[in-house]
Protein chains: 2
Amino acid sequence: MRTAEKLRYLILAAQREGNRQLTASLSELGVTPAQSEALRILADHAPLALGELGDMLVCDTGTSPSRIVDRLVANGLVQKTTSAQDRRQVRLTLTAAGQDKAQHIAEVESQLYDVLDQASEGTALDGFLAFLHALTQQSPAGRALDNRLAAEEHRRN
Amino acid sequence: MRTAEKLRYLILAAQREGNRQLTASLSELGVTPAQSEALRILADHAPLALGELGDMLVCDTGTSPSRIVDRLVANGLVQKTTSAQDRRQVRLTLTAAGQDKAQHIAEVESQLYDVLDQASEGTALDGFLAFLHALTQQSPAGRALDNRLAAEEHRRN
DNA sequence: GTAACATATATGTCACGACATATAAGGAGT
DNA sequence: ACTCCTTATATGTCGTGACATATATGTTAC
């Protein structure tokens with residue numbers, strides 16, 4: 001099996017397994033990985049328009065995440081209002097329950113990242129992160145991640 | 001954003017983008033990435049029981065891939081028979097159309113791997129492949145990939 | 001004021017991944 | 001022969017990703 005094919009399948013396997021573990025960890029919070037990503041973005045950057053949220057979601061690329069948000073609204077975690085400036089726009093904020101849930105999600109993620117950091121000790125990741133970044137930066141998911149990083153930087157300053 | 005979080009999202013972005021490009025390339029062959037993976041495995045290793053196919057599919061982990069195979073049968077690419085030895089088992093072979101399709105799929109994959117090889121020139125992947133392999137080897141998808149590698153080795157000897 | 005174009009979001013549809021459950025068949029033990 | 005357990009596969013269900021289409025609203029040009 002040539003290296004590129006092995007890389008393809010290892011990335012797929014890693015994504016699948018990571019998603020499975022995340023799903024299992026989040027299941028007691030009653031949210032899915034996609035929902036948790038949306039909640040975490042709103043926790044840090046709300047209020048956001050639906051499209052703005054969509055621009056930062058890696059899991060849901062290039063489309064307005066209507067249905068993910070609908071489920072969060074139905075679960076009482078997110079609130080939708082119509083923008084006064086542009087009635088096409090939906091403005092999203094977290095409810096108190098949503099804020100609380102986002103905090104728990106952050107804890108679950110932190111534990112997962114601890115495991116990942118431990119697993120990658122002794123592995124030089126920088127070159128590979130750069131490679132993956134170059135590979136994806138023109139894609140919707142890669143741009144979403146860049147938007148996310150930029151927003152995080154902006155929020156810190 | 002801590003390194004582990006960046007790794008998580010870059011892997012997700014890479015998987016999504018790779019899948020999108022594969023889907024686009026395969027669309028003129030009329031198959032999806034999941035179907036193409038199944039066809040390629042059957043091309044190399046048929047006849048296989050459904051469960052044996054499932055054991056080698058990275059895209060469809062830990063479950064018997066009934067529905068993917070049903071669609072391949074409906075499209076005239078795969079043939080199902082009941083095993084004479086064990087009537088629970090479904091035996092899978094490729095039809096002539098399926099063989100032909102699998103060859104075209106291999107060409108599409110080859111082009112994709114050429115691009116990936118080019119993109120990764122100058123990047124030391126070995127350490128990262130080893131890291132991903134260690135990360136996933138206990139998971140269903142990782143074991144499927146190992147099964148796949150073992151079957152390929154076995155077929156070569 | 002109206003038409004055309006652009007934008008934001010919602011919905012339809014299909015394939016699928018994943019978990020749970022159901023059904024049929026095979027094997028072992030008595 | 002019968003029971004119990006295991007195995008192989010099929011199906012139900014939910015959430016989702018992705019593409020296409022629809023609807024509502026905003027902007028620009030005339």
Side-chain angles (χ1 to χ4, degrees), chain A residues 12-13 15-27 30-39 48-55 57-75 78 80-92 139-141 144, chain B residues 12-13 15-27 29-38 48-55 57-75 78 80-92 139-141 144:
Chain A
L12 179 57
Q15 197 277 314
R16 288 298 156 77
E17 181 55 17
N19 204 65
R20 264 180 9 109
Q21 290 185 13
L22 188 56
T23 297
S25 298
L26 290 172
S27 66
V31 295
T32 65
Q35 291 165 7
S36 79
E37 189 184 353
L39 278 177
L48 285 175
L50 194 61
E52 288 170 338
L53 173 62
D55 288 341
L57 276 171
V58 179
C59 72
D60 183 349
T61 54
T63 133
S64 76
S66 294
R67 287 181 273 221
I68 290 183
V69 165
D70 278 351
R71 255 175 295 273
L72 292 172
V73 170
N75 291 343
V78 164
K80 276 161 104 169
T81 58
T82 307
S83 171
Q85 290 83 15
D86 185 339
R87 289 196 312 279
R88 293 172 297 180
Q89 268 195 350
V90 164
R91 309 298 287 184
L92 305 169
S139 70
Chain B
L12 179 56
Q15 196 277 315
R16 288 297 157 77
E17 183 53 19
N19 204 65
R20 264 180 9 112
Q21 288 185 13
L22 188 55
T23 297
S25 298
L26 291 172
S27 66
L29 296 177
V31 295
T32 64
Q35 291 165 8
S36 79
E37 189 184 351
L48 284 175
L50 194 62
E52 289 169 338
L53 173 64
D55 289 341
L57 276 171
V58 179
C59 72
D60 184 350
T61 53
T63 130
S64 76
S66 296
R67 287 180 274 220
I68 291 185
V69 165
D70 279 349
R71 259 177 292 273
L72 292 171
V73 170
N75 291 343
V78 164
K80 278 162 101 170
T81 56
T82 307
S83 170
Q85 290 81 14
D86 186 337
R87 290 195 311 282
R88 293 172 298 180
Q89 268 196 349
V90 164
R91 311 296 289 183
L92 305 170
S139 72

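Labels below follow one simple rule: chain letters A, B, ... track the order of the sequence lines, proteins then strands, and each chain is numbered from 1.
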In whole Å, what is the span from the [atom1] atom of [X] to the [atom2] atom of [N]?
X     : N      : atom1 : atom2 : value
A:L72 : D:dC14 : CG    : P     : 18 Å
A:I68 : C:dT11 : CD1   : P     : 15 Å
A:R87 : D:dA24 : CZ    : P     : 13 Å
B:D70 : D:dG12 : CG    : C1'   : 14 Å
B:N75 : C:dC14 : CG    : P     : 14 Å

Side chains of B:R91 and B:Q89, donor plus acceptor under 3.5 Å: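 A donor-acceptor contact under 3.5 Å links the two side chains.
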
Donor on one side chain, acceptor on other, B:Q21 and B:E17, under 3.5 Å: yes

What does the list of N/O pairs under 3.5 Å between the protein and nucleotides 2-9 of chain C look like, with a distance for each?
from: C:dT7; atom 1: O2; to: A:R88; atom 2: NH1; distance (Å): 2.5
from: C:dT9; atom 1: OP1; to: A:L50; atom 2: N; distance (Å): 3.1
from: C:dT9; atom 1: OP1; to: A:V90; atom 2: N; distance (Å): 3.3
from: C:dT9; atom 1: OP2; to: A:G51; atom 2: N; distance (Å): 2.6

Sub-4.5 Å side-chain heavy-atom contact between [X] and [Y]:
X     : Y     : answer
B:T82 : B:R88 : no
B:R16 : A:V58 : no
A:L39 : A:V31 : yes
A:V69 : A:L50 : yes
A:L92 : A:V90 : yes

Pairwise 5' ranking along DNA chain D for A:A34 and A:A84, keeping only the more 5' one: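 Its nucleotide being nearer the 5' end, the pick is A:A34.
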
Short side-chain N/O contact from A:R71 to OP1 or OP2 of D:dT16, under 4.0 Å: yes

Contact under 4.0 Å: B:Q35 side-chain N or O vs C:dC16 OP1/OP2: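 Checking C:dC16 against B:Q35, a side-chain N or O does come within under 4.0 Å of OP1 or OP2.
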
Side-chain (B:Q35) to main-chain (B:I68) donor-acceptor, under 3.5 angstrom: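 Not at all, since once roles are kept as given, no pair shorter than 3.5 Å links the two residues.
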
base_contact_polar (D:dG17 base, A:R67 side chain, donor-acceptor, <3.5 Å): no

For B:P65 against B:G54, the heavy-atom pair lying closest together: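 Taking B:P65 first and B:G54 second, the nearest heavy atoms are CD-CA, 3.8 Å.
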
DNA chain C contacts among residues 15-26 of chain B, heavy-atom distance under 4.0 Å: none

